[in-house]
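Accompanying notes for the structure given below.
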Amino acid sequence: MPELPEVEVTRLSFAERIRGARVLAAHPGLPLRWPLGCTPESLVGRTVQDVQRRGKYLLLQLDHGVLLVHLGMSGSLGFRTAPAAPGRHDHFDLVTTHGTLRLHDPRRFGAVVWSAGTQVDPARKLLGSLGMEPLGEQFDPAAFHAGLRGRRAPIKQVLLAGDVVVGVGNIYASEALFQAGIRPTVRADRLSRARADRLHAAVRQVLARAVERGGSTLRDFSSATGDSGHFQLEAAVYGRAGQPCPQCATPVRLIRQGQRSTYFCPRCQRA
DNA sequence: CTATGGACCTGAATGC
DNA sequence: TGCATTCAGGTCCATA
């Protein structure tokens, strides 16, 4: 379920409460996308200094190393002081003096990976090729436009690839392209600077808005039961095949790109 | 280097 | 009702 906004809202939901906590135990469950990369015992005694985010990864900064958490397609995190016994799809518990951080992930595309922070560890590889942070300052229109140079793939797929800009998942890719009035199928390197500017602004706005509204939606998230609150995303086009475009009432169209669904308005997104 | 399809895994929805 | 197929908010990896 998680694109950048969900990950960021998740981060905000427990970062302050876990800060300063000492790890009492780590309990891995069924295998996740990648191995933990250390023994659970070696995490005991570490202090969680901060929780940051890079793309869709959460980074638990420890006093020694970093714990990377990715939610994959179906993951969510809960943080509570008296967690119930792990359920069928709970696959990692980090027990701390402030509470237990629990990863719930039915499909197990998520991961918890320890990194020593050295150059040669696996985590470096995971984070190394990530693109610009969409809500950060380095993500400016010129840099974005430059990033599209030489990319002959459809713009939708370049957005999803995450090596130009991170955090834009399948939903927000469709939404941002709709907002920018750009056809998902156009070659990325054929976007004029003006159109790249529009898309840049749309990406920022769509994600920032989702974080804001997630923040209010998920006020109770932390105290809620294991699986996260869902965003009721009021999508303009995503998941609305055949329904009228909110701008012009033309039926929204559904196509497949790289075995993912893409939604767009054939009238508002002409090129 | 870029682009593409397959792989990972479970559950819900859809189709016959 | 049962069983098969398709799809789901991610992304790494092998191959062309």
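The analysis underlying the following values was restricted to heavy atoms, covering all of them including side chains, and did not include hydrogens, waters or symmetry mates. Convention: sequence-line order gives letters A, B, ...; per-chain numbering from 1.
For the pair A:Ser261 and C:dA8, the criterion of a side-chain N or O lying under 4.0 Å from OP1 or OP2 is met. Between C:dT11 and A:Arg260, no contact under 4.0 Å exists linking OP1 or OP2 to a side-chain N or O. Contact between the side-chain N/O atoms of A:His89 and the OP1/OP2 oxygens of B:dT10 is not found at any separation under 4.0 Å. Contact check, A:Arg33 against B:dC9: no side-chain N or O comes under 4.0 Å of OP1 or OP2.
With its ring centre under 5.5 Å from that of the base six-membered ring and a plane angle below 30°, A:Phe109 counts as stacked on B:dC8.
In this structure, the CG atom of A:Leu4 is 10 Å from the P atom of C:dT11, given to the nearest Å. Between the CD atom of A:Gln259 and the P atom of B:dA3 there is a distance of 16 Å, given to the nearest Å. Atom CG in A:Leu103 sits roughly 14 Å away from atom C1' in C:dG10 (whole-Å rounding).
In this structure, A:His200 and A:Phe139 have tilted ring planes: the angle between them lies in the 30° to 60° band.
Summary of the strand contacts: A:Arg107 and A:Tyr57 both lie near DNA chain C, and taking for each the nucleotide with the nearest heavy atom, the more 5' one is attributed to A:Arg107.
Among the nucleotides B:dT2, C:dC7, C:dC12, the one closest to any side-chain atom of A:Leu126 is C:dC12. Comparing C:dG9, C:dC7, B:dT4 by their nearest atom to the side chain of A:Pro154 picks out B:dT4. Comparing C:dA8, C:dT11, B:dG6 by their closest approach to the side chain of A:Lys56 singles out C:dT11.
Within 4.0 Å (heavy atoms only), A:Gly72 reaches sugar-phosphate atoms of the nucleic acid but no base atom.
For A:Arg152 against B:dA3, a side-chain-to-base donor-acceptor contact under 3.5 Å is absent. For a distance-only test at 3.5 Å, the side chain of A:Arg108 fails to qualify as a donor-acceptor partner of the base of B:dC9.
For A:Asp93 and A:Arg102, the salt-bridge test passes: some basic side-chain N is under 4.0 Å from an acidic carboxylate O. At a threshold of 4.0 Å, the pair A:Lys56-A:Glu6 does not count as salt-bridged, since none of the basic side-chain nitrogens sits closer than that to a carboxylate oxygen.
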